[in-house]
Amino acid sequence: MASKFCAACRLAAILSVAVLAVQPVHAKPATASEAKADDPWLYRGSDVPRDKEWVFGELPNGLRYAVRRNGVPPGQVSIRVRIDAGSLHEADSERGYAHLLEHMVFRQSKYLGDGEAIPAFQRFGATFGSDTNAETGPVSTTFKLDLPNASAPVLDETFKLLSGMMTAPTLSEGNVRSDVPIVLAEKRERGGTAERLAEATQQTLFAGQRLAARPVIGTEETLKAANQASVRAFHARWYRPENAVIVAVGDADPAQLAALVRKYFGAWKGAGKPAAAPAFGDPAAPAGSGADAVGETRVVVEPDVPRGITYAVMRPWRPVRDTIVYNQGIMIDSLAQAIINRRLEARARSGGSYLAAQVNQEKVSRSADATFVSVTPLGEDWKTALGDVRAVIADALASAPTQQEIDREVAEMNVAFESSVEQRRLLPGSRLADDIVAALDIRETVASPETVQLIFNRSRPLFTPQAVLDHTRSLFKGAVTRSVFVTPRPGEADSAALKLALTAPAKAGAAARVDSKPISFAELPPLGTPGKVVSAISSSVLEIEQVELANGVKVLLWPTTDEPGRVTVKVRFGAGYRAFASGDAAYIALGDMALVGSGVGPLGQDELDRISTGRKMGFNFAIEDAAFQFSADTRGADLADQLYLFAAKFAMPRWDANPVLRAKAAAKLQYESFATSPQGVMQRDLAFLQHGRDPRFRTATPQEIEAASVDGFRQVWQPILAQGPIEVQLFGDFTRAQAVAALENTFGALAKRPPLPGALTRASFAELPASPEPVVLTHRGDPGQAAAVINWTTGGGMTQISESRQLEILSQVFQNRLLDAMREKLGASYSPQVYNSWPTDLDNGGAIIAMAQLQPKAVPVFFATADEIADQLVAAPPTADELARVTEPLKQQLTRAYTSSAFFMGQLEGASEDPRKFAALRSLLPDMTRTTPQAMQALAAKYLKRGGSWRVAVIPAGQKLVTEMPTGLALPGAGR
C-alpha cells in the first residue's frame, strides 16, 4: 500500500492514509485466479480491507476511476487525471516527449483556444501553480486540479474541458514550436550542477536499465527535433482510456462525480491495439561476479559541492500481492531502518567522522527495490566516514537489536498511526487523491487510518529482535551494490578506490548503539513557583481569549474541536534580528541550527529525543525580523510536557558544545554550495540586500564560522533567551482548564522578564536606495544560467495594512502579465515570479519583487519587460477580466484558509502586543478580494513608477553583464 517514507525522520512522517509500502525482498506476485470478481480494481489480489469511502469504477473503454466525498476544505473538489506513461515509455528519439506533451495539453485543446486553459481555471477560482498543475515522472503523467467553489455547473464544465485536454489536444506544428522553447527554458533553469549530479547518480545506480538514460526533462537534441507528427504519435500510443485513471475527491456526491467521468470520458477510444509498455530492465551484477557484488562506481568532481557518498543495494522490482502479511513485513523493515538511522545519528552527534548519514529503502519507478545509504563526510577523509557508517550497519547485520530499541521505535510508529486516526477528518481531498496516484505508481493499494492502526496493533507480537535482524539482513542483500561519490576536489578518489572501500570487510561497531531507556518528565525539576492568571478577556475574534499571567507572559488561547487530536503551540519572544550586533552573523546561523539541540536543564539532545519517545512533541525554532519563535504540533495528552520543554529553555537553558560544533561543520559545508547556481547566490545574498546590506543579514563565511566559539555562542544567545516579552499561542483540541493549569505550572513559573533594551525596540531596518543600475553578483555554476530581480520598495506595519493587501492583487496581475510575456511569448524564462511582501511587525521592509531565472543574454530582456509592464500598469488600469482572474482565486484561497484555526493564529502572531491585528483580521477578505481597475492603477502609480526600484543580476563568473537588448527582439505587448 502506497506511502512516502522518510527514514531520517524515524517514521514520524508516516501520517498518510495509506499503509506503508516498502517492498520486502521476496514478495509473491498476485495471480489473476486469486482476484475476486467483485473486488474493486485497486484491491484485486489483496486481502487488505478496502476503504469503503472510495467508490471505484471501470468504463467499457478500459478507463478506471475512483471518487470519494470529502469536505476538507469545504466546497473544493480535487481532480487527478493520471496517464500511465512517463519518460520510461519514450523511445530514444522521443526523450522528453512525455513532459513536452504535459505542456501541450495545457496550451490548446478541443474546447480551449491557445493559452485559454489557465485563465479558464483561474476564473473558476483555481490558482495557477498550486491549484492547477501537472507532473511528469518516469512512469506516469498526472494532471492536477484543486477546484474551489465546485458548484454543479463548474464541475460539469471542468470535466468537459479536461476531457478535451486529454482526448483531443491541439498538437499542431505551431504549438510544438511554441512549447519547445518553454521546456528548454525549464531544462535550463533545472540544469547546472544539480542536474549533472542527478543524472550522474541515475546513470550509475541504474546502469543497464532504461531509467539510466531517461531524464524526465529530455535532451535538447530530441526536443528540438520534435514535430507535429512525432508528438501526435506519442500521444496516440499512450493517451488511451485503458492507460487513464481519473480520481475525484471533494465536497460533492460521489455519484455525481462518477456520472461526470462517464459523461465526458465514456466515448474516448484509442486507435488500434494498445501498445505494450517497454521493459524497464533489472539491476544486474557484473558478469562473473557473485551475490552481493559491487558493480558500477563513479566519482564525480563538482567544485563548491560538499562531499557526499551514496551507495545502493539494488534488487529487481516486481509486482506484489499487497496483503496484510506483506504489510506486516513492511513494518518490520521500517523498524529495522529506524533503529539503524537512530544509531547513525547518535554517532554523528558524538563527534564522528561524518556530518550525517541515513538508510532508506525505496521502490524506484518500477525499476528497482533499493536500500540506499547516504553519507556526508566531515572532511577529506571520506574513507573513514564511509567505514564508520558501514561499521554501524555491520553491527546491525551481526546481532539483533535489544527489545528496548524496538519498543522505542514501535512507540514512535504508534503515535504517528494514532494521530492519523485522530485527524483523519482533517485530511484534505487533494491529499487523498494524491495517495491513489502514488499507489498506482507502484501498483499497490490504499487503506484507511483505522485499518493501518489495526494491522499495526495486531502485528506487535511479530516485532521481535530476531525478526528485525532477519529483515535487516534482507535489506542489505541484493543483485548488486552501486555507488557514487561526489567531491569538490579532483584526485581524492577514483572508481577503483570507491569500489575497494565498499568491498573491504566492515568491522561491526557496537559503540553507536544508543541508550533507549525511557526518561520521565516526572523526574525533571520544577521550573519555579507556579504563577496565576491575572487577566482573561475575550479578543472579540471567534472564541480566542487573551490571558495574562502574573509574570507578564501573555497568551492567546483558543480551544477548538475543529481539528481533533491536534494542538499547536507557538512561543514568540524577544526582538528577532534586531537583537544581534553587527558582527553576529556566524552566531545567528549557528543558533538557527543548534540552539534547540544544545539542550535544556538536565536534557541534552539525546535525552530530548528519549523523553519525547512515543509522544507527539516537537521543538522548532525560527529567527524572524522582529521576534524569535518556538513552535510545535502536539496533542492534548502531551500539552503540559510540551509547554514544560519550551519554558525550560528560558528557565534553565543548557549549552552543550557538540550541537554547536556540528552546526559549524554543516554551515561551512553549505557555504560553498551557494555559489553553484544563481538560485544559491540569491539564497545567500538577497535578504542581505533587501535589508540595506545590514551585516546581521549577511551569510557568514566559512572563515567566520570557523572563528566562532562555543563560549561565544553562549554569550550571544544567553541574553536573548533572558529578555523581552513572551507571547504564547495555544490553539487546538484541549480544554481551557487543562491549558490554564499547564501554563501556570510552566510559563507562569518563569521569573518576570526585563523589557527589551530601548535600542532594540526600533521597528525598522535599512533599505537599498533606488537605482537603475543593477547590483551584479556572480556564481560559479553553469555558464548558461543567470537570474534577475527587481525590487519596488513599498512599506510595512499595521497602519496601511489594507493597502498592503491590495498590493497582493496588483502583484498577481503583474505576475500573470510577466508569465505571459517572459514564458509564453518570449520563451525566455520558465517560471518568472512576482510576489508582495509587507512585514506587519516592522515600519518598513515591504516590497513588490519580480524575479526570473534565464540565460545571461536575456537579463536585459527581463528588466525591460518588467519595466514595460510596470509602466503600462501606471498608464492604464487592468481590465475587469484580469482582476477577476486574480480576485476569484484569492477569494477561494482565503475561504479555504478560514476553515483552519492555524490560519487565524498565524494572522494574530504578536497581537497581544499590537491589538490592531485583531481588528485587521475582520477586513482581510474584502481587502484581498474587492478592488477596482482604478484603485490598481493608483497603487501602481504610487509604487511602480520609474526610478522607484533597485535591481540585481546574478551572472556566471568571468562574464560581463549584458546590457543591450538582443538585436531584432521586440518586447511583447504586456498590456491587456
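Values reported hereafter were calculated over all heavy atoms of this structure, with side chains retained and with hydrogens, waters and symmetry mates removed.
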Checklist entry - Say you draw a straight line from CE of M851 to OH of Y835; how long is it, rounded to the nearest 0.5 Å? => result 4.0 Å
Checklist entry - Under 3.5 Å, is there a donor-acceptor pair between the side chain of R214 and the main chain of L211? => result no
Checklist entry - Taking the six-membered ring for Trp, is the centroid-to-centroid distance between F580 and F628 below 6.0 Å? => result yes
Checklist outcome for this item: Rounded to the nearest 0.5 angstrom, the NZ-OG distance for K144 and S130 is 11.5 Å
Item to check | Reported CD-to-OG distance for the pair Q806 and S811, which is rounded to 0.5 angstrom | outcome: 11.0 Å
Next on the checklist: Could you tell me if E808 and Q812 have a donor-acceptor pair between their side chains, going purely by distance under 3.5 Å?
Outcome noted: yes
Next on the checklist: Does this structure show an ion pair linking R946 with D871, if we count only N-O contacts that are shorter than 4.0 Å?
Outcome noted: yes
Next on the checklist: Pair R578, D841 - check salt bridge (Lys or Arg N to Asp or Glu O under 4.0 Å), show working.
Outcome noted: CA-CA 12 Å; R578 297 175 296 162; D841 295 311; over 6 Å; no
Next on the checklist: Once rounded to the nearest 0.5 Å, what's the spacing between atom CZ of R188 and atom CG of L854?
Outcome noted: 7.0 Å
Checklist entry - If you count the non-hydrogen atoms of other residues, nucleotides and ligands that lie under 6.0 Å from CZ in R489, is the total more than 12? => result no
Item to check | Centroid-centroid distance, F765 to Y577, less than 6.0 Å | outcome: no
Item to check | Note, L883 side chain near P933 side chain (heavy atom, < 4.5 Å) | outcome: yes
Checklist entry - Ion pair present between R298 and D494, side-chain N to carboxylate O less than 4.0 angstrom? => result no
Checklist entry - Once you round to the nearest 0.5 Å, how far does CD of E882 lie from CZ of F814? => result 12.0 Å
Next on the checklist: Which residue in the set E195, E220, E221 passes salt bridge (charged side-chain N to carboxylate O under 4.0 Å, His left out) when paired with K187?
Outcome noted: E195
Checklist entry - Counting N and O atoms only, with roles assigned by atom type, does the side chain of E767 sit under 3.5 Å from a partner on the main chain of G692, one being a donor and the other an acceptor? => result no
Next on the checklist: Quick check: do E189 and P678 have side-chain heavy atoms less than 4.5 Å from each other?
Outcome noted: no
Checklist entry - Just one of Q108, H103, R107 clears the side chain to side chain donor-acceptor pair (under 3.5 Å) bar with N175, so which one? => result Q108
Item to check | Within 6.0 angstrom of K857 NZ, more than 12 heavy atoms from elsewhere | outcome: no
Item to check | Distance (rounded to the nearest 0.5 Å) between N816 CG and Q122 CD | outcome: 4.5 Å
Next on the checklist: Under a 3.5 Å distance rule, please check whether E90 uses its side chain to pair with a backbone N or O of Y97 as donor and acceptor.
Outcome noted: yes
Checklist entry - Is there a donor-acceptor pair closer than 3.5 Å between any side-chain N or O of Y830 and the backbone N or O of L184? => result no
Checklist entry - Any luck finding a side-chain donor-acceptor pair between E492 and T487 under 3.5 Å? => result yes
Checklist entry - Quick one: does E173's side chain get under 4.5 Å of N227's, heavy atoms only? => result yes
Checklist entry - Can you find a heavy atom in the side chain of Q670 that is under 4.5 Å from one in the side chain of I705? => result no
Checklist entry - Has the side chain of S230 got a donor or acceptor atom that lies under 3.5 Å from a matching backbone atom of A226? => result no
Checklist entry - Is the backbone of G191 close enough, under 3.5 Å, to the side chain of Q785 for a donor and an acceptor to pair up by distance? => result yes
Item to check | Q853 side chain vs E186 backbone, donor-acceptor pair below 3.5 Å | outcome: no
